[in-house]
There are 2 protein chains.
Amino acid sequence: MSELNMISAFRLLQAADDFKARLSGTFAAVHGISVNEYFLLLHLKQAEKNRLPRVELARRLHVSASTITRMVAPMEKIGLVDRGTGERDARMALVVLTDTGAEKLSEAQATFEDHACYLFEDRWSESEIDQLSTLLGRLVSGAPGNLT
Amino acid sequence: MSELNMISAFRLLQAADDFKARLSGTFAAVHGISVNEYFLLLHLKQAEKNRLPRVELARRLHVSASTITRMVAPMEKIGLVDRGTGERDARMALVVLTDTGAEKLSEAQATFEDHACYLFEDRWSESEIDQLSTLLGRLVSGAPGNLT
DNA sequence: TAAATATACTTGCGTTCGCAAGCTTATTGC
DNA sequence: GCAATAAGCTTGCGAACGCAAGTATATTTA
């Protein structure tokens with residue numbers, strides 16, 4: 001039944017868009033970072049040795065390589081990330097999470113948690129959230145650099 | 001359990017972002033429109049008399065009013081939408097879906113359906129998709145201008 | 001009724017993004 | 001080992017966006 005597929009996809013996009021819009025406002029106001037910058041820090045945090053090449057970040061955030069270059073520059077300036085060199089490949093300019101960046105991420109995580117709780121609050125039982133999480137998990141299981 | 005809430009929210013954002021990225025590429029290549037333009041047409045299609053004020057479109061698409069102005073201009077030029085005037089409020093410059101726009105939307109719907117089917121294909125049973133759809137439906141039920 | 005406020009839309013300006021081109025370094029083929 | 005190709009990163013340029021200001025119309029208030 002393809003109609004059901006379409007409705008699911010609509011709701012997926014709309015639910016994510018609404019959530020992201022609310023999140024975006026709070027992040028900008030409270031932490032002074034964008035949602036994408038938050039995810040960038042998060043990917044670094046979960047990466048081996050807290051560092052990733054720019055191309056990999058571009059793939060994971062669904063943005064171009066040039067966007068990563070321009071997104072990282074100011075983050076480097078305020079000390080959230082640092083620039084590392086590839087050990088075996090001198091082309092790579094690795095993005096490295098700093099202690100300051102990890103701290104900023106930690107603060108943002110608290111905000112994210114607030115929003116995530118508010119998203120389900122009240123009307124949702126734990127088993128329902130678990131169901132949703134499991135189903136969504138199957139959608140992202142194949143994605144490169146899965147955050148969960 | 002807030003950890004579970006966060007994981008669900010992560011997966012929601014990631015699943016939607018992945019899907020949207022794939023959709024975006026096909027829409028641009030096949031139909032020459034963006035995902036946002038597709039949703040704009042869709043909202044018009046489901047609106048009474050196939051027309052909506054620009055402010056309402058801005059709210060639903062989570063973009064600014066100026067973005068709607070600049071997004072609609074080229075769509076008007078190629079005949080996808082038309083400009084209507086509010087009957088009781090002369091400030092409103094309503095965006096009206098044309099027959100050409102409805103046809104373009106219909107073509108895009110087919111593409112969307114393809115992607116939606118591919119998203120769940122194989123590994124998903126109908127009851128699982130139904131579960132996901134129901135759960136996501138509760139997330140968007142409060143949203144203004146719900147598409148489903 | 002007249003002034004003050006609010007709403008819908010547009011435009012100017014600065015910022016951000018993707019694409020294409022260029023630079024540097026790795027890898028492949030002969 | 002050297003030329004040819006590929007991969008990672010940066011930069012120039014045009015397109016798209018949000019914010020703030022401006023215009024026009026509605027609504028509220030005195």
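A, B, ... follow the sequence lines: proteins, then strands. Residue 1 opens every chain.
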Distance, rounded to the nearest Å, where B/Leu61 contributes CG and D/dC17 contributes C1'
13 Å
Measuring from A/Asp17:CG to A/Leu12:CG, what's the distance to the nearest 0.5 Å?
10.5 Å
For DNA chain C, the residues among residues 24-47 of chain A that have a non-hydrogen atom under 4.0 Å from it
none
Roughly, in whole Å, what's the span from CD1 in A/Ile68 to P in C/dC17?
9 Å
Determine: side-chain N/O of B/Thr69 to OP1/OP2 of C/dT10, distance under 4.0 Å, yes or no.
yes
A/Glu87: partners by salt bridge (charged side-chain N to carboxylate O under 4.0 Å, His left out), with sequence neighbours left out
A/Lys49
Starting at CD of A/Glu56 and ending at P of D/dG8, how long is that distance when rounded to a whole Å?
10 Å
Extract from the structure each pairing of a protein N or O with an N or O of nucleotides 3-6 of chain C at less than 3.5 Å, listing the distance.
none

Check every atom of D/dT10, D/dA26, C/dA8 against the side chain of A/Ala65 and return the nucleotide holding the closest atom.
D/dT10
Nearest-Å distance for atom pair CZ/P, residues A/Arg59 and D/dA7:
10 Å
Nearest heavy-atom neighbours spanning B/Val72 and B/Arg54
CG1-NH2, 3.6 Å
Between A/Phe39 and A/Phe112, what is the ring plane arrangement, given parallel below 30°, perpendicular above 60°, and tilted in between?
perpendicular
Minimal non-hydrogen separation, A/Asn50 against A/Lys45, with atom names:
OD1-O, 3.1 Å
Which of residues 75-86 of chain B have a heavy atom under 4.0 Å from DNA chain C?
B/Arg83
B/Glu48: salt bridge (charged side-chain N to carboxylate O under 4.0 Å, His left out) partners, not counting sequence neighbours:
none
Using a cut-off of under 3.5 Å, enumerate the N/O to N/O pairs linking the protein to nucleotides 20-22 of chain C.
none

Side-chain contact, heavy-atom cut-off 4.5 Å: A/Ser141 with B/Arg123?
yes
A/Leu119 vs B/Leu139, side-chain contact (heavy atoms from CB on, under 4.5 Å): CA-CA, chis, key distance, verdict:
CA-CA 7 Å; A/Leu119 182 64; B/Leu139 284 181; 3.7 Å; yes
In whole angstrom, what separates B/Leu57's CG from C/dC9's P?
9 Å
Students often get this wrong, so: under 4.0 angstrom with heavy atoms, is B/Arg70 touching a base, only sugar-phosphate, or nothing?
base
Verify side-chain contact (heavy atoms from CB on, under 4.5 Å) between A/Leu132 and A/Trp124, making sure each step is shown before the conclusion.
CA-CA 11 Å; A/Leu132 178 64; A/Trp124 291 72; 4.2 Å; yes
Whole angstrom value for the distance that separates P of D/dT10 from CE of A/Met92
13 Å
Which of these nucleotides, D/dA26, C/dT10, D/dT10, is closest to any side-chain atom of B/Asp89?
D/dA26
Let me know the distance between NE2 of A/His62 and C1' of C/dC17, rounded to the nearest Å.
16 Å
Under 4.0 angstrom between A/Arg54 side-chain N/O and D/dT10 OP1 or OP2
yes
Derivation and outcome, side-chain hydrogen bond (donor to acceptor under 3.5 Å, both in side chains), residues A/Thr148 and A/Asn146
CA-CA 6 Å; A/Thr148 57; A/Asn146 191 344; 3.2 Å; yes
Are more than 12 heavy atoms, taken from residues, nucleotides or ligands other than B/Glu103, located less than 6.0 Å from that residue's CD atom?
no
Let me see the working for B/Glu128 and A/Arg138 under side-chain contact (heavy atoms from CB on, under 4.5 Å), right down to the final yes or no.
CA-CA 11 Å; B/Glu128 285 171 335; A/Arg138 290 174 60 184; 2.9 Å; yes
If I take atom OG1 from residue B/Thr98 and atom CZ from residue B/Arg83, how far apart are they, to the nearest 0.5 angstrom?
14.5 Å
Which label fits A/Tyr38 and A/Phe27: parallel for a plane angle under 30°, tilted from 30 to 60°, or perpendicular past 60°?
perpendicular
